[in-house]
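Convention: sequence-line order gives letters A, B, ...; per-chain numbering from 1.
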Number of protein chains: 2
Amino acid sequence: MDRDIFICHNCPMTRTMATIGTKWKPIIIYTIGKKKVRFGVIHAKMGIISKKVLTDQLRELEEDGIVKREVFKELPPRVEYSLTPKGLELLPILNMLTRWNQKHHGNTSGKGLRVR
Amino acid sequence: MDRDIFICHNCPMTRTMATIGTKWKPIIIYTIGKKKVRFGVIHAKMGIISKKVLTDQLRELEEDGIVKREVFKELPPRVEYSLTPKGLELLPILNMLTRWNQKHHGNTSGKGLRVR
DNA sequence: GATACTGATAACAATAAAGTAACCAGGAAA
DNA sequence: TTTCCTGGTTACTTTATTGTTATCAGTATC
């Protein structure tokens, strides 16, 4: 996404979408939650995201101060991700979104189960 | 976006993103707000969205019961969009997101003004 | 010595989303 | 008669996003 188009715009919603308005970012934030999570764990939990895209998105979230990245000098390497205070503040809002969805859409898991 | 990949998944955030997780939908919902708005007005307010994409997104929002579409048999045609109760419930949550953004990002409007 | 481990990265291919331009209805006004 | 009005639609092109595969480091285990 060309984030520049957004930044200039003076609609607050538009500016917000420039930061977290992508297919994966809210899911990544939600997946990390309040814990410290290794890259591989995020990847496994999300299931259907490629390593490359996950890396890219995590980098952008880090740039925007939403995610913290800690590298341990071990072998094999270990990298832990966690939410910054800014990211943590997003959690309750995302939870409201899922509650909104559950209320109106019901629980559709199991229906139309069609994983690639 | 291939919404089927999402629907099957049993992560609540993932299912939510299948409904409103696109570049434009939250902005459209925010733009309609509590009013009845004509197509042309939404288009003008948003500025940088094409008619085709706006039409497509409004159709999907209608399918998902978030937006209501009223057609008046006049010439030139008049079509008014408004949020359903389900859509209205989304408004305060979207407002929280913009407040989160304003708090952390500050008011960047005017900075790096780079409209296409 | 071959292989596995993790968290990447690079080059490339595929797909999805978004944008562009032309066109339509059909009555009213110039 | 031509032009404008609105809310689209259609066919097509462009751009953005996502995915695939191969590769790397450097130690430990088989």
Side-chain angles (χ1 to χ4, degrees), chain A residues 1-7 9 14 17-28 31-32 36-63 67-82 114-116, chain B residues 1-7 9 14 17-28 31-32 36-63 67-82 114-116:
Chain A
M1 174 163 29
D2 182 357
R3 304 163 94 208
D4 287 337
I5 305 173
F6 275 150
I7 287 159
H9 222 254
T14 303
M17 293 308 285
T19 313
I20 50 158
T22 68
K23 184 176 169 182
W24 295 116
K25 280 179 188 171
I27 304 175
I28 294 172
T31 301
I32 296 177
K36 286 195 177 192
V37 200
R38 294 184 66 168
F39 177 87
V41 174
I42 302 175
H43 187 243
K45 276 198 181 180
M46 294 187 59
I48 50 167
I49 189 176
S50 68
K51 284 200 293 181
K52 184 198 148 229
V53 174
L54 181 54
T55 304
D56 293 348
Q57 301 288 303
L58 282 167
R59 287 291 182 285
E60 286 190 16
L61 287 169
E62 198 191 352
E63 267 181 49
V67 154
K68 185 176 145 202
R69 182 170 178 263
E70 288 178 276
V71 183
F72 297 84
K73 285 174 189 169
E74 301 175 3
L75 265 165
R78 179 158 65 104
V79 180
E80 286 183 351
Y81 291 92
S82 56
R114 219 185 315 177
V115 186
R116 281 209 284 221
Chain B
M1 174 162 27
D2 182 355
R3 303 162 97 211
D4 288 338
I5 305 173
F6 275 151
I7 288 159
H9 222 254
T14 303
M17 292 308 284
T19 313
I20 51 159
T22 67
K23 183 176 170 181
W24 294 117
K25 280 179 188 170
I27 304 174
I28 294 172
T31 301
I32 297 177
K36 285 196 179 194
V37 201
R38 295 183 66 168
F39 179 87
V41 174
I42 302 175
H43 188 241
K45 274 197 182 181
M46 295 187 57
I48 51 169
I49 190 175
S50 67
K51 283 201 294 180
K52 184 199 149 229
V53 174
L54 181 55
T55 304
D56 293 348
Q57 301 290 301
L58 282 168
R59 286 290 183 286
E60 286 190 14
L61 287 169
E62 197 191 354
E63 267 181 49
V67 154
K68 185 175 146 203
R69 180 169 179 264
E70 288 179 275
V71 183
F72 296 86
K73 286 174 189 170
E74 303 174 0
L75 264 164
R78 179 158 64 105
V79 179
E80 285 182 352
Y81 291 91
S82 56
R114 219 186 310 179
V115 187
R116 280 211 283 222

TODO: Please report, rounded to the nearest Å, how far the C1' atom of D:dC5 is from the CZ atom of B:F72.
DONE: 17 Å
Task: Atom pair distance, as rounded to whole Å: CD1 in B:I42 and P in D:dG7 - done: 9 Å
Task: Base-contact (B) and sugar-phosphate-only (S) positions in nucleotides 20-30 of chain C, heavy-atom cut-off under 4.0 Å, - elsewhere - done: B-----B----
Open item on the list: To check you understand the geometry: which heavy-atom pair defines the closest contact between B:I20 and B:K25, and what is its length?
Closed with: O-CB, 4.1 Å
Task: Distance, rounded to the nearest Å, where A:L58 contributes CG and C:dT6 contributes C1' - done: 15 Å
- [ ] Please list, chain by chain and in numerical order, all residues satisfying side-chain hydrogen bond (donor to acceptor under 3.5 Å, both in side chains) with B:E80, sequence neighbours excluded.
- [x] B:R78
Task: Heavy-atom check, side chain of B:M46 versus side chain of B:W24, under 4.5 Å - done: yes
Task: Interatomic distance where CG belongs to B:D56 and P belongs to D:dG7 [whole Å] - done: 16 Å
Open item on the list: When you measure from the side-chain N and O atoms of B:R59 to the phosphate of D:dG7, is any distance below 4.0 Å, counting only OP1 and OP2?
Closed with: no
Task: Gap between atoms NZ and P, on B:K23 and D:dT18 respectively (whole Å) - done: 12 Å
Task: Closest to the B:R69 side chain, choosing from D:dG8, C:dT9, C:dG19 - done: D:dG8
Open item on the list: Taking only side-chain N and O atoms of B:R78, does any of them lie within less than 4.0 angstrom of OP1 or OP2 on D:dG8?
Closed with: no
Pairs of donor and acceptor atoms involving the side chains of residues 36-44 of chain A, under 3.5 Å and at least two apart or interchain, shall be tabulated with distances.
| residue | atom | partner | partner atom | Å |
| --- | --- | --- | --- | --- |
| A:K36 | NZ | A:E70 | OE1 | 2.9 |
| A:R38 | NH2 | A:P77 | O | 3.3 |
| A:H43 | NE2 | A:I49 | O | 2.9 |

Task: N or O in side chain of A:R38 less than 4.0 angstrom from C:dT6 OP1/OP2 - done: no
Open item on the list: Does B:E80 reach a base, just sugar-phosphate, or nothing at all? Heavy atoms under 4.0 Å.
Closed with: nothing
- [ ] To the nearest 0.5 Å, tell me how far A:I27 CD1 sits from A:T31 OG1.
- [x] 7.0 Å
- [ ] Give a yes/no on whether any side-chain N or O of B:Y81 is located under 4.0 angstrom from OP1 or OP2 of D:dG8.
- [x] yes
Task: B:Q57 CD to D:dG7 P, straight-line distance once rounded to whole Å - done: 18 Å
Task: Nearest-angstrom distance from the residue atom CZ of A:F39 to C1' of C:dT9 - done: 11 Å
TODO: Quickly, which of B:I32, B:I28, B:T22 forms a side chain to side chain contact (heavy atoms under 4.5 Å, CB included) with B:L61? Name it, please.
DONE: B:I28
Task: Of all pairs that satisfy salt bridge (charged side-chain N to carboxylate O under 4.0 Å, His left out), the ones with a partner from residues 47-56 of chain B, not counting sequence neighbours - done: none
Task: d(CD, A:E74; C1', D:dA25) in whole Å - done: 15 Å
